[in-house]
Visitor: 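Take a look at this one; I'll ask things after.
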Amino acid sequence: MARLFAAEESSSVNSQRPDPTEEVVKYWQIPQIKPSEDPLAFWRERRFELPHLASLARKYSSVQGSSVASERIFSSAGNIVNAKRSCIDPVHVDQLIFLHKFLK
């Protein structure tokens, strides 16, 4: 019985969802947000008005937190400062790390 009602509800919800092309037209009519405003809040407010675009925005606008970039820098620093180069001045180590990162 619950499956029947769930199927009924989902079909009625899907019938109320606007056509994706209509959503794009509506989106282009909305004024742009300011750079200081939160784009995720913008999409949260319009998730019922523009459901297709809002789901795409959530999927592609979110950034996954990661420490990979900082770990790469520490790894390259470990390759630069080793037992043979332990007497390098810290300023020169910073310069070598900078060059190593940006000359790739």
Side-chain angles (χ1 to χ4, degrees):
M1 202 65 155
R3 288 183 188 171
L4 178 64
F5 288 130
E8 248 180 61
E9 289 175 2
S10 67
S11 66
S12 66
V13 169
N14 287 338
S15 66
Q16 294 174 355
R17 291 183 81 169
D19 181 47
T21 53
E22 292 174 12
E23 281 188 39
V24 172
V25 171
K26 280 184 185 179
Y27 171 73
W28 284 111
Q29 294 172 349
I30 297 171
Q32 286 186 349
I33 64 171
K34 298 174 186 167
S36 60
E37 293 180 31
D38 182 14
L40 293 177
F42 170 86
W43 287 110
R44 193 177 315 113
E45 292 168 3
R46 289 168 179 77
R47 69 182 179 271
F48 299 114
E49 180 185 353
L50 307 169
H52 295 100
L53 293 176
S55 67
L56 288 173
R58 272 195 313 274
K59 181 177 181 179
Y60 293 108
S61 296
S62 61
V63 177
Q64 192 173 26
S66 174
S67 62
V68 173
S70 62
E71 288 179 17
R72 283 189 187 142
I73 291 173
F74 281 114
S75 175
S76 64
N79 292 335
I80 292 169
V81 180
N82 55 27
K84 292 182 181 179
R85 296 179 164 179
S86 62
C87 295
I88 296 177
D89 188 56
V91 173
H92 291 144
V93 172
D94 288 343
Q95 291 171 348
L96 287 170
I97 293 170
F98 176 82
L99 289 173
H100 183 268
K101 182 176 180 347
F102 289 104
L103 289 179
K104 282 187 175 183

Visitor: Answer yes or no: does atom CD of E37 have more than 12 heavy-atom neighbours from other residues, nucleotides or ligands under 6.0 Å?
Guide: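 Enclosed.
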Visitor: Do the ring planes of W43 and Y27 sit parallel (below 30°), tilted (30 to 60°) or perpendicular (above 60°)?
Guide: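 Judged by the thresholds at 30° and 60°, the geometry between W43 and Y27 is parallel.
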Visitor: Can you tell me how far the CG atom of D94 sits from the CD1 atom of I88, to the nearest 0.5 Å?
Guide: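 That separation rounds to 11.0 Å.
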Visitor: Kindly write out the residues that satisfy side-chain hydrogen bond (donor to acceptor under 3.5 Å, both in side chains) with S36, not counting sequence neighbours, or none if the list is empty.
Guide: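 So S36 forms no side-chain hydrogen bond (donor to acceptor under 3.5 Å, both in side chains) with any residue.
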Visitor: Can you get from L99 to F102 by hopping between Ile, Leu, Val, Met, Phe, Trp and Tyr side chains that sit under 4.5 Å apart?
Guide: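 In one cluster with L99: F102, yes.
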Visitor: Taking C-beta and beyond as the side chain, do E49 and I30 meet within less than 4.5 Å on heavy atoms?
Guide: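 Yes - at least one pair of side-chain heavy atoms lies under 4.5 Å apart.
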Visitor: Minimum heavy-atom separation for R47 and A54, please, with both atom names.
Guide: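 Closest approach of R47 to A54: CA-CB, 3.8 Å.
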Visitor: Looking at NZ of K34 and CZ of F42, how far apart are the two atoms once the value is rounded to the nearest 0.5 Å?
Guide: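 Rounded to the nearest 0.5 Å, the NZ-CZ separation comes out at 14.0 Å.
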Visitor: Kindly write out the residues that satisfy side-chain hydrogen bond (donor to acceptor under 3.5 Å, both in side chains) with D19, not counting sequence neighbours, or none if the list is empty.
Guide: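 side-chain hydrogen bond (donor to acceptor under 3.5 Å, both in side chains) check on D19 returns T21.
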Visitor: Give the cluster check for V25 versus L50: same hydrophobic cluster or not, with ILVMFWY residues linked at side-chain heavy-atom distances below 4.5 Å.
Guide: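 They do not share one cluster, since no chain of ILVMFWY contacts under 4.5 Å joins V25 to L50.
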Visitor: What are the two closest non-hydrogen atoms of L40 and S61, and how far apart are they?
Guide: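 Looks like CD2-CB, 4.2 Å.
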